[in-house]
Amino acid sequence: LKLKPVGSGRRNVAVGARPLPSCRLLQPWLRSAAASGASDMRLPGVKRARPEDVGMDSGHLLSHTIANEKYIKKSFMPGVAECVVSDNRLVYTAFQGFQDEEVGIPMTDRSLHRCFSLTKPITSFGLMLLKEEGKIRLNDPVWKYIPSFRHMLVLKDKSAVQPGPRGGGVEPARRPITLRHLIAHTSGLGYGPGRTDREERLDPNGGVEAMYLQLTQDLDEGRVADLQTFCDRLAELPLRFHPGSKYQYSMGMDVLGRVIEVVSGMRLDAFLRRRVFEPLGMRDTTFAVRPGLARRRLTAFYQVQTLSRNRMSKKPEKFKYMRRDGQMPEASAWVCGRSIPVLSGGGIMGSFAGGLVSSLRDQVLFCSAIANMGFSHHTGRQVLKPQTVKLMCKDWLKLKSVTPKRKLQGWNDQPGCKTMGWSALGFCDGDTLFMGGVGSWSIERSTKTICISMSNAWCEDNDVHGWVEEVDELEGAVKTARSLFLQGVAAEAPQKVRGCIRASHAETAPAKRQRKA
């Protein structure tokens with residue numbers, strides 16, 4: 001999922017530690033950015049540097065910041081917090097728009113974002129700590145830790161509305177679900193229906209999702225007390241396919257959260273805090289925040305809707321966004337006293353709740369530990385062994401221990417994405433890892449380059465008119481900035497980039513100027 005941001009005009013940007021190149025096209029924007037005040041993110045163990053120090057063009061990274069501002073003014077997102085770290089040096093940060101537009105609080109590096117699926121790699125990280133201690137084996141059947149998963153049934157007809165003779169029937173699973181299957185999303189589990197606000201109607205998409213409907217409703221209403229009860233209820237439902245025969249995004253990481261509880265003897269939140277967050281220095285990450293902290297730092301959550309489409313491309317070009325998850329920060333489902341009692345290691349529990357909240361700062365610390373093979377420069381601790389991180393970065397859809405097939409098709413196995421697989425940390429393509437929720441991060445392991453973008457808006461229709469990947473997408477902008485630097489044109493952007501910058505200024509210019517043009 002690639003999301004782009006929504007609304008303000010207030011921006012805080014820092015690119016490198018020295019003055020930026022004074023390209024004539026960028027001077028008007030630089031003056032307005034300076035007026036808003038530059039904001040810096042400081043991390044012990046991670047030095048600041050100029051993009052040129054790591055082979056990137058500062059001017060092109062700044063053009064990405066301008067593009068974000070364009071999408072904010074288009075109401076595609078209220079705010080975004082981004083950064084780039086390369087070879088353990090922080091070379092780009094940008095905090096734009098609002099964490100809460102109605103309250104008027106600007107976005108910062110410590111704004112708290114709902115992680116959703118960014119929770120998954122953190123749960124996987126915690127599980128691997130137990131593997132290193134010899135307390136679990138990845139080939140262990142899940143029923144060894146959760147007995148209700150011992151005798152699983154599989155739907156014969158995946159389109160059936162319900163099991164049984166009228167629903168197509170069920171058959172015994174050919175093999176047990178292992179911990180590897182849960183990590184690789186090849187267990188046969190799935191997800192139930194979802195929504196972006198509890199006031200919306202909960203409509204399953206197809207018969208198999210309908211099987212999860214009652215469990216989802218019970219989770220929303222607080223009728224499921226804990227992870228143990230949740231897993232026992234989940235094990236009563238038939239699998240969508242035989243374990244190891246297919247990849248499908250699922251609640252597997254939620255089940256692994258319960259495995260962690262059983263093996264460690266601790267609640268999942270306590271285990272992650274003691275074994276992952278504290279060793280990495282992640283002070284902001286938690287499952288629920290106090291009301292006072294929510295008022296100060298929890299981002300509002302917005303759903304973006306398309307108002308109109310371009311007549312030629314038929315892609316959306318005008319937007320509006322609506323606030324979801326409570327009209328005030330303390331009314332969020334991620335606030336203590338209102339949060340769901342079942343801790344989600346996968347990032348979503350019920351139709352719209354659960355999972356961690358985290359800051360841009362903490363996501364940098366987590367990704368840096370992955371890029372540095374388990375070592376935290378922030379705390380000076382080797383939290384995971386290098387060989388464990390190396391295992392986590394492999395494409396698990398090729399492992400014989402995961403599937404009897406030669407290779408399973410992953411989420412994005414379509415033309416141009418044939419090399420993309422799934423690792424214990426998320427998507428993998430060569431030496432690049434990627435994971436997304438509403439925000440996203442990517443790690444290029446060979447150069448230790450980390451790109452993180454944390455937004456507070458959800459847009460299902462995100463194939464936007466005029467979207468230029470080389471400028472508008474952070475990862476694309478970083479790749480292009482490298483290419484421009486290598487071409488020796490860091491001081492003067494090529495014609496294509498100048499055109500993008502001019503277009504950005506034209507779209508954000510006052511109405512009088514636009515009419516004159």
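What you see is a predicted model, and the numbers here were worked out from it, not measured in a lab. Just so you know, residue 1 is the first one in the sequence shown, and it goes up from there.
- Between His185 and Tyr249, the ring planes lie tilted relative to each other; the angle falls in the 30° to 60° range.
- In plain terms, the two heavy atoms of Leu90 and Met41 that are nearest each other are CD2-O, 3.1 Å.
- When all heavy atoms of Asp325 and Arg114 are compared, the pair lying nearest together is OD2-NH2, 2.9 Å.
- A donor-acceptor contact shorter than 3.5 Å is absent between the side chain of Arg89 and the backbone of Ala49.
- Taking the six-membered ring where the residue is Trp, the centroids of Phe427 and Trp422 are separated by under 6.0 Å.
- In plain terms, the two heavy atoms of Cys428 and Ser423 that are nearest each other are SG-N, 3.9 Å.
- In this structure, Thr379 contributes its side chain and Pro279 its backbone to a donor-acceptor pair below 3.5 Å.
- For Arg296 (side chain) and Gly292 (main-chain N/O), a donor-acceptor pair under 3.5 Å exists by modelled atom type.
- Across all their heavy atoms, Val224 and Arg233 have their closest contact at CG2-NH1, 4.2 Å.
- With hydrogens and angles disregarded, no donor-acceptor distance shorter than 3.5 Å links the side chain of Ser124 to the backbone of Lys120.
- Asp220 and Gly350 get closest at one heavy-atom pair: OD1-CA, 3.5 Å.
- The main-chain N or O of Thr186 is never found under 3.5 Å from a side-chain atom of His181 such that the two would form a donor-acceptor pair.
- Between the side chain of Asp254 and the main chain of Gly346, a donor-acceptor pair closer than 3.5 Å is present.
- Between Trp334 and Phe116, the angle of the ring planes goes over 60°, which puts this pair in the perpendicular group of the 30/60° scheme.
- Between the side chain of Thr119 and the backbone N or O of Gly355, no donor-acceptor pair lies under 3.5 Å.
- Using a 4.0 Å cut-off between charged nitrogen and carboxylate oxygen, Asp218 and Arg223 count as a salt-bridge pair.
- Although no hydrogens or angles enter the test, the distance criterion places no donor-acceptor pair under 3.5 Å between the side chain of Glu102 and the main chain of Gly104.
- Residue-environment remark: CG (Asp226) exceeds the threshold of 12 foreign heavy atoms within 6.0 Å.
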Please test Thr286 against Val357 for side-chain contact (heavy atoms from CB on, under 4.5 Å), starting from the C-alpha separation and ending with a verdict. CA-CA 6 Å; Thr286 184; Val357 295; 3.8 Å; yes

Carefully, step by step, assess Trp441 and Ile370 under the rule side-chain contact (heavy atoms from CB on, under 4.5 Å). CA-CA 12 Å; Trp441 55 249; Ile370 300 300; 5.9 Å; no

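- The local environment of CZ in Arg175 is crowded, with over 12 non-hydrogen atoms from other residues, nucleotides or ligands closer than 6.0 Å.
- Ion pairing between Asp100 and Arg323 holds under the 4.0 Å rule for side-chain N and carboxylate O.
- Atom CD1 of Ile260 is separated from atom CD1 of Ile136 by 7.5 Å, given to the nearest 0.5 angstrom.
- Remark: side-chain polar atoms of Glu444 are not paired, donor with acceptor, to backbone N or O of Ala371 under 3.5 angstrom.
- The shortest non-hydrogen separation linking Ser111 to Gln99 is OG-OE1, 2.5 Å.
- The CG atom of Asn88 lies 7.5 Å from the CD1 atom of Ile450; values are rounded to the nearest 0.5 Å.
- Distance check: His242 NE2 to Glu171 CD gives 3.5 Å after rounding to the nearest 0.5 Å.
- The backbone N or O of Ser359 sits nowhere less than 3.5 Å from a side-chain atom of Asp362 that would complete a donor-acceptor pair.
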